[in-house]
Amino acid sequence: MKDGVRRFNEQAPELKKQFYSRDFSREFVYTSNFDLYTSSAASWRDTFSCYMAPNPPKPHDLPAICRDVMLEYSKEVISLGEFLFELISEALGLNPTHLKDIDCSKGLRMLCHYYPPCPEPDLTLGTTKHSDISFLTVLLPDQIEGLQVLREGYWFDVPPVAGALIINIGDLLQLVTNDKFISSEHRVLANRATKARVSIGCFFTTGIRPNPRMYGPIRELVSEDNPPKYREITVKELNAHRNAKGLDGSNLLHFRI
């Protein structure tokens, strides 16, 4: 999968520019900085993205240079995600299928990041501080360091482990579990290496795609002593709020009761 991301980004500009767009309703979007016009500074990365579920793209909508591996990898991630949602449901004291039954695993958006070497890495970031607006995120990193997680006011490096995936709790899971699970704030430093860094994030969310379901704290997890902390929202509403304000800052504070 990582080789496919490299192949796409390192092909001739005239071959990949046909996919460049800032229209995120397209099946496949190649862009730089989705929040270019709302963020205070541009990040040092390029990204291509695609919704792989619930309605996967037609093969002809994907670049031939990475088409097959995107389709195959997304199937494996969906299978892993459904297993993880079962484990989390049980950890919450719910039926193992509860999170799947409320469509937490319904949508999957794949973001493939390419971080070229940065000539002045102290002046920018690869990705600014943020939390994910998904239920869960399955991240496939490469062996070049750069990912950091914020904990108790300090940034900690997340060293790559060969063959390992990173699982992030997203804002939507924090909302439906009423803060029993907390989404993690993280960032990516600008690439100091001589080789491009790549990562593939698969986000369990329907994003901007139509999804009328309302999400709020799960009824079984709230009580008189632990009342709901958030109002009910749609996934699209959360996406619209984050896209309007940019990556940095809390995504959920706006919806807190």
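Position 1 is the first residue of the sequence, and the numbers go up from there.
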**Q** Say you draw a straight line from NE2 of His254 to CG of Leu252; how long is it, rounded to the nearest 0.5 Å?
**A**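 Spacing of NE2 (His254) from CG (Leu252) equals 11.0 Å.
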**Q** Would you please indicate if the ring centroids of Phe28 and Tyr51 are separated by under 6.0 Å?
**A**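 Ring centres of Tyr51 and Phe28 not closer than 6.0 Å.
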**Q** With side chains defined as the heavy atoms from C-beta onward, is the minimum distance between Asn168 and Leu136 less than 4.5 Å?
**A**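 A side-chain contact under 4.5 Å is absent here.
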**Q** Side chains of Tyr114 and Phe8, heavy atoms from C-beta outward: is any pair under 4.5 Å?
**A**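 In short, these two side chains do not touch, never coming nearer than 4.5 Å.
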**Q** With side chain to side chain donor-acceptor pair (under 3.5 Å) as the criterion, how do Tyr230 and Gln174 come out once you've worked through the C-alpha distance, each side chain's angles and the decisive distance to 0.1 Å?
**A** CA-CA 10 Å; Tyr230 305 97; Gln174 178 173 335; 3.1 Å; yes
**Q** What residue among Asp171, Leu92, Ile218 forms side-chain contact (heavy atoms from CB on, under 4.5 Å) with Val176?
**A**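 Among the candidates, only Ile218 passes.
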**Q** Between Thr124 and Cys118, what is the shortest heavy-atom contact and its length?
**A**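 In terms of heavy atoms, the two residues are closest at CG2-SG, 3.9 Å.
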**Q** Identify whether Ile257 and Leu238 are in the same connected component of the hydrophobic contact network (ILVMFWY, side-chain heavy atoms under 4.5 Å).
**A**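 The answer is no; the residues belong to distinct hydrophobic clusters.
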**Q** How many angstroms lie between CD in Glu76 and CG in Leu165, if you round to the nearest 0.5 Å?
**A**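 Nearest 0.5 Å value for the CD-CG distance: 11.0 Å.
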**Q** Please assess Lys100 against Glu82 for the test side-chain contact (heavy atoms from CB on, under 4.5 Å), listing each intermediate value before the final yes or no.
**A** CA-CA 7 Å; Lys100 182 178 180 180; Glu82 290 177 346; 4.0 Å; yes
**Q** Any luck finding a side-chain donor-acceptor pair between Ser131 and Glu185 under 3.5 Å?
**A**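 The criterion, which ignores hydrogens and geometry beyond distance, is not satisfied for Glu185 and Ser131.
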**Q** ring-ring contact (aromatic ring centres under 6.0 Å, His included), that's the test. Do Phe255 and His241 meet it? Break it down for me.
**A** CA-CA 10 Å; Phe255 304 104; His241 172 66; 5.4 Å; yes
**Q** Do the charged groups of Arg109 and Asp132 touch, with an N to O distance under 4.0 Å?
**A**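 No, no charged N to carboxylate O under 4.0 Å.
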**Q** Please determine whether side-chain contact (heavy atoms from CB on, under 4.5 Å) holds for the pair Met110 and Cys112, giving the CA-CA distance in whole Å, both sets of side-chain angles, and the decisive distance to 0.1 Å.
**A** CA-CA 6 Å; Met110 180 184 291; Cys112 300; 3.7 Å; yes
**Q** Salt-bridged, Arg213 to Asp103, with N to O below 4.0 Å?
**A**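 The answer is yes: the pair qualifies as a salt bridge.
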**Q** Out of curiosity, does Leu111 fall in the hydrophobic cluster containing Val188 (side-chain heavy atoms, cut-off under 4.5 Å, transitive links)?
**A**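 No, no single cluster joins them.
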**Q** Tyr115 ring centre to Arg197 NZ or CZ under 6.0 Å, with the angle to the axis within 45°?
**A**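 Judged by the rule (NZ or CZ under 6.0 Å from the ring centre, within 45° of its axis), Arg197 counts as positioned above Tyr115.
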**Q** Given the rule in the salt bridge (charged side-chain N to carboxylate O under 4.0 Å, His left out) test, do Asp122 and Arg192 qualify, once you have shown the distances and angles that lead to the verdict?
**A** CA-CA 9 Å; Asp122 293 326; Arg192 294 176 178 271; 2.3 Å; yes
**Q** Report yes if some heavy atom in the side chain of Leu221 is under 4.5 Å from a heavy atom in the side chain of Lys180; otherwise report no.
**A**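 Side-chain contact under 4.5 Å: yes.
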**Q** Can you see whether Asp23 engages Ser25 through a side-chain donor-acceptor pair at a distance of less than 3.5 angstrom?
**A**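 There is such a pair (donor and acceptor under 3.5 Å, judged by atom type) between the side chains of Asp23 and Ser25.
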**Q** Do the non-hydrogen side-chain atoms of Cys50 and Met70 ever get within less than 4.5 Å of each other?
**A**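 A side-chain contact under 4.5 Å exists here.
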**Q** Mark yes or no for whether Trp44, through its side chain, and Pro117, through its backbone, hold a donor-acceptor pair below 3.5 Å.
**A**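 Here the side-chain-to-backbone pair exists.
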**Q** Are Val235 and Ile78 connected in a single hydrophobic cluster, I mean Ile/Leu/Val/Met/Phe/Trp/Tyr linked by side-chain heavy atoms less than 4.5 Å apart?
**A**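 Yes, because Ile78 and Val235 connect within a single hydrophobic cluster, where side-chain heavy atoms sit under 4.5 Å apart.
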**Q** When you measure from the side chain of Asn226 to the backbone N and O of Val222, does any donor-acceptor pair fall under 3.5 Å?
**A**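 Judged by distance alone, no pair lies under 3.5 Å.
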**Q** Is the number of heavy atoms from other residues, nucleotides or ligands within 6.0 Å of NZ (Lys229) greater than 12?
**A**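 Check passes, neighbour count above 12.
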**Q** Measuring only between side-chain heavy atoms, which start at C-beta, is Leu247 closer than 4.5 Å to Thr127?
**A**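 They are in contact (side-chain heavy atoms under 4.5 Å apart), so the answer is yes.
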**Q** Please step through side chain to side chain donor-acceptor pair (under 3.5 Å) for the pair Thr206 and Asn211, ending with a clear verdict.
**A** CA-CA 7 Å; Thr206 51; Asn211 180 3; 3.0 Å; yes
**Q** Transitively linked via ILVMFWY side-chain contacts under 4.5 Å: Val77 with Phe135?
**A**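 Shared cluster, yes.
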**Q** Could you tell me whether the side chain of Asn191 and the main chain of Lys195 form a donor-acceptor pair under 3.5 Å?
**A**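 Confirmed, Asn191 side chain pairs with Lys195 backbone.
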**Q** If you round to the nearest 0.5 Å, how far is OG1 of Thr137 from CD1 of Ile166?
**A**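 These two atoms lie 11.0 Å from each other.
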**Q** With no hydrogens and no angle check, just 3.5 Å: does a side-chain donor-acceptor pair link Thr31 and Arg22?
**A**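 Arg22 and Thr31 do have a side-chain donor-acceptor pair below 3.5 Å.
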**Q** List the atom of Phe24, the atom of Ile208, and the distance in Å for their closest heavy-atom pair.
**A**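 Reported closest heavy-atom pair: O-CD1, 3.4 Å.
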**Q** Classify the side-chain pair His113/Ser199 by whether it contains a donor and acceptor separated by less than 3.5 Å.
**A**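 There is no such pair (donor and acceptor under 3.5 Å, judged by atom type) between the side chains of His113 and Ser199.
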**Q** Can you tell me how far the CG atom of Leu84 sits from the CD1 atom of Ile167, to the nearest 0.5 Å?
**A**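 One finds 5.0 Å between CG of Leu84 and CD1 of Ile167.
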**Q** Do Ile200 and Leu62 belong together in a cluster built from hydrophobic side chains that touch within less than 4.5 Å?
**A**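 Yes: a chain of side-chain contacts under 4.5 Å links Ile200 to Leu62.
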**Q** Quick one: do Lys16 and Asp46 make a salt bridge, cutoff under 4.0 Å?
**A**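 Not counted as a salt bridge, because no side-chain N and carboxylate O are separated by less than 4.0 Å.
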**Q** Looking only at non-hydrogen atoms, find the nearest pair between Gly126 and Ser43 and report the distance.
**A**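 Heavy atoms only, the tightest pair is O-CB, 3.1 Å.
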**Q** Apply side-chain contact (heavy atoms from CB on, under 4.5 Å) to residues Leu140 and Lys2 and explain how you reach the verdict.
**A** CA-CA 8 Å; Leu140 174 62; Lys2 289 179 285 187; 4.0 Å; yes
**Q** Heavy-atom count around Phe83 CZ within 6.0 Å, excluding the residue itself: above 12?
**A**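 Check fails, neighbour count at 12 or below.
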**Q** Any sub-3.5 Å donor-acceptor pair from Thr177's side-chain atoms to Phe181's backbone N or O?
**A**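 Side chain of Thr177 to backbone of Phe181, a donor-acceptor pair under 3.5 Å: yes, one is there.
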**Q** Can you find a pair of side-chain heavy atoms, one from Leu99 and one from Ser105, that are under 4.5 Å apart?
**A**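 Answer no - side chains too far apart.
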**Q** State, to 0.1 Å, how close Ala196 and Ile144 come at their nearest heavy-atom pair, and which atoms those are.
**A**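 Between these two residues, the closest heavy atoms are O-CD1, 3.5 Å.
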**Q** How long is the gap from CZ on Arg242 to CD on Glu237, to the nearest 0.5 Å?
**A**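 Reported to 0.5 Å precision, the distance equals 14.5 Å.
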**Q** Is the closest side-chain heavy-atom distance between Leu173 and Ile88 below 4.5 Å?
**A**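 Leu173 vs Ile88: side chains touch.
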**Q** What's the separation between atom NE2 in His186 and atom OG in Ser183, rounded to the nearest 0.5 Å?
**A**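 Answer for the NE2-OG pair, His186 versus Ser183, is 9.0 Å.
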**Q** For Ala162 versus Gln143, what's the shortest heavy-atom pair and its separation?
**A**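 Answer, listing the atom of Ala162 first, then Gln143: CA-NE2, 3.6 Å.
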**Q** With side chains defined as the heavy atoms from C-beta onward, is the minimum distance between His130 and Arg187 less than 4.5 Å?
**A**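 The answer is no; the side chains never approach within 4.5 Å.
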**Q** Can a donor-acceptor pair be found, under 3.5 Å and without considering hydrogens, that links the side chain of Asp142 to the backbone of Val198?
**A**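 Side chain of Asp142 to backbone of Val198: a pair is present.
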**Q** Does the Lys NZ or Arg CZ of Arg151 fall within the cation-pi geometry relative to Phe156 - under 6.0 Å from the ring centre and within 45° of the axis?
**A**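 Because its charged atom misses either the 6.0 Å distance or the 45° angle limit, Arg151 does not stack over Phe156.
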**Q** Which atom names give the shortest non-hydrogen contact between Gly4 and Cys66, and what distance separates them?
**A**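 Heavy atoms of Gly4 and Cys66 come nearest at O-CB, 3.8 Å.
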